[in-house]
Amino acid sequence: MTITRFPARLAQVTALSPDTSAFRFEAVTGTPFAAATAGGHLDIHLGPDLLRQYSLWDWDPAGSWATVAVKREENGRGGSAAMHQLREGAQVMLTGPRNAFALNEAASHHLLIAGGIGVTPLYAMAKTLTAQGKTPSVLYLTRNPKTAAFLPLLQALPLGDNLKVSYSDSEGMTDFQALFKSLPATTEVYVCGPEPMLQAILDASKLLPEGHVKFERFSAAPEQVEGENRAFTVALKRSGLEIEVPADKTLLDCLLDADVEVDFGCSEGICGACITDVISGEIDHRDGILNDEEKAKGDCMCVCVSRAKAGKLVLDL
């Protein structure tokens, strides 16, 4: 499916908590949101050099509108401030929807763990599953009741006792080891939230079969972006081009400098927009999207952050 860029109008801004607002966008033409699925996100073009990704939590199945939620981060990377400066009626360019955090609706048991604003894709998953008559378990973790922006929305779903809320200011960190020991082996776990929470869950995930815990990160894990940058060569099979990538530049930058058409979004290895097929070569994976099995196969890479370990990469471009 082709991912398109299209204009949309900001139809409504609604405060969900003192620091979090919902932004509902309506397509100027067509029904581009019809492709939305739980776990998906939009690329929002907020300026010439400002592109940010926000998860969808509600949308029109017919595709005319979709809603994201954004927490105001005073010390963020600019996207949060730019979003909160938008006014109703503003027109922006969007790309998507994309989904690198897709829900396996056929799983027999689902556990959704949401940390802070990471609740947005997990609310969409909970809504999707309950609409099918299923009752996932949802663990919503925030600092205190004031920051629980999605609690009323979650409480409105038919989750019953399967909805658990924990406030770290009063209850501390959740014991994920104990939680995972109590799960059926068939449980699929979906997690989105801040890095300390993800690391704790990653440690506990060893108690479940491999591949049963799926993450969406706000940024690439620290160990993924570490390592020495070396110069390397990339050959493009379809175009016949051969490009040198110096140690101080990314592969994506070099592709764009050579006028190679390649899709991209976050430029941080967390959205999956720039995943490109690799025909040969040894990849130094530095993204937060591909799982261990996909990385081991070595047949694709995120060109925005990943590099060659040595020698030459041959890409299907």
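On a predicted model such as this, the values are computed, not experimentally measured, just so you know.
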### Message
Less than 4.0 angstrom from a charged side-chain N to a carboxylate O is my criterion; do R238 and D316 meet it?
### Response
yes

### Task
In sequence, state the C-alpha distance, the side-chain angles, and the governing distance for T174 and L141, and then conclude on side chain to side chain contact (heavy atoms under 4.5 Å, CB included).
CA-CA 8 Å; T174 298; L141 310 175; 3.4 Å; yes

Expected output: side-chain [X] to main-chain [Y] donor-acceptor under 3.5 Å:
{"X": "H285", "Y": "C302", "answer": "no"}
{"X": "K134", "Y": "E105", "answer": "yes"}
{"X": "R307", "Y": "F232", "answer": "no"}
{"X": "H84", "Y": "V70", "answer": "yes"}
{"X": "S137", "Y": "L111", "answer": "no"}
{"X": "K164", "Y": "D161", "answer": "yes"}
{"X": "R87", "Y": "Q85", "answer": "yes"}
{"X": "Y140", "Y": "F150", "answer": "yes"}
{"X": "S168", "Y": "M173", "answer": "no"}
{"X": "N144", "Y": "T147", "answer": "yes"}

From [atom1] ([X]) to [atom2] ([Y]), nearest 0.5 Å:
{"X": "D259", "Y": "S239", "atom1": "CG", "atom2": "OG", "value": "11.5 Å"}
{"X": "I279", "Y": "D299", "atom1": "CD1", "atom2": "CG", "value": "11.0 Å"}
{"X": "C274", "Y": "D287", "atom1": "SG", "atom2": "CG", "value": "8.0 Å"}
{"X": "Q53", "Y": "H41", "atom1": "CD", "atom2": "NE2", "value": "5.0 Å"}
{"X": "I113", "Y": "C192", "atom1": "CD1", "atom2": "SG", "value": "11.5 Å"}
{"X": "F215", "Y": "E195", "atom1": "CZ", "atom2": "CD", "value": "9.0 Å"}

### Message
Please report whether the ring centroid of F25 lies less than 6.0 Å from that of F6.
### Response
no

### Query
Are Y190 and H212 near enough that their ring centres are under 6.0 Å apart?
no

### Query
Side-chain heavy atoms under 4.5 angstrom apart, residues restricted to Ile, Leu, Val, Met, Phe, Trp, Tyr: same cluster for F180 and L198?
yes

### Message
What verdict does the side chain to side chain contact (heavy atoms under 4.5 Å, CB included) test give for D60 and F33, after you've listed the backbone C-alpha separation in whole Å, the side-chain angles of each residue and the deciding distance to 0.1 Å?
### Response
CA-CA 7 Å; D60 170 24; F33 303 112; over 6 Å; no

Any heavy-atom pair between the side chains of [Y] and [X] that's under 4.5 Å?
{"X": "V245", "Y": "T233", "result": "no"}
{"X": "L154", "Y": "Y123", "result": "yes"}
{"X": "F23", "Y": "T67", "result": "no"}
{"X": "L139", "Y": "L179", "result": "yes"}
{"X": "L236", "Y": "V260", "result": "yes"}
{"X": "V314", "Y": "V278", "result": "no"}
{"X": "I44", "Y": "L51", "result": "no"}
{"X": "E216", "Y": "P121", "result": "yes"}

### Query
Is it true that atom CD of E210 has more than 12 heavy atoms of other residues, nucleotides or ligands lying nearer than 6.0 Å?
no

### Message
Check this for me: E261, atom CD, are more than 12 non-hydrogen atoms of other residues, nucleotides or ligands nearer than 6.0 Å?
### Response
no

Are [X] and [Y] linked by a side-chain donor-acceptor pair shorter than 3.5 Å?
{"X": "Q12", "Y": "E88", "value": "no"}
{"X": "T95", "Y": "H45", "value": "yes"}
{"X": "H109", "Y": "T186", "value": "yes"}
{"X": "T37", "Y": "N99", "value": "yes"}

### Task
Show the numbers, then the answer: is there a salt bridge (Lys or Arg N to Asp or Glu O under 4.0 Å) between R98 and D43?
CA-CA 8 Å; R98 308 179 192 272; D43 299 340; 2.7 Å; yes

#### Entry: Worked verdict on E293 versus K295 for salt bridge (Lys or Arg N to Asp or Glu O under 4.0 Å)
CA-CA 5 Å; E293 181 180 349; K295 291 178 180 178; over 6 Å; no

#### Entry: Step-by-step salt bridge (Lys or Arg N to Asp or Glu O under 4.0 Å) determination, D58 to K127
CA-CA 9 Å; D58 195 18; K127 186 176 180 181; 2.9 Å; yes

### Task
Check the pair M83 / L46 against side chain to side chain contact (heavy atoms under 4.5 Å, CB included), numbers first and verdict last.
CA-CA 8 Å; M83 284 292 294; L46 296 166; 3.7 Å; yes

### Task
Take I201 and M197 through the test side chain to side chain contact (heavy atoms under 4.5 Å, CB included) and record every step on the way to the result.
CA-CA 6 Å; I201 292 174; M197 184 194 85; 4.0 Å; yes

### Query
Which pair of non-hydrogen atoms, one from S267 and one from L252, has the smallest distance, and what is that distance?
OG-CD2, 4.0 Å

### Query
Would K249 and D257 count as a salt bridge (Lys or Arg N to Asp or Glu O under 4.0 Å) if you check the C-alpha gap in whole Å, the side-chain angles of each, and the deciding distance to 0.1 Å?
CA-CA 11 Å; K249 294 191 71 172; D257 287 346; 2.3 Å; yes

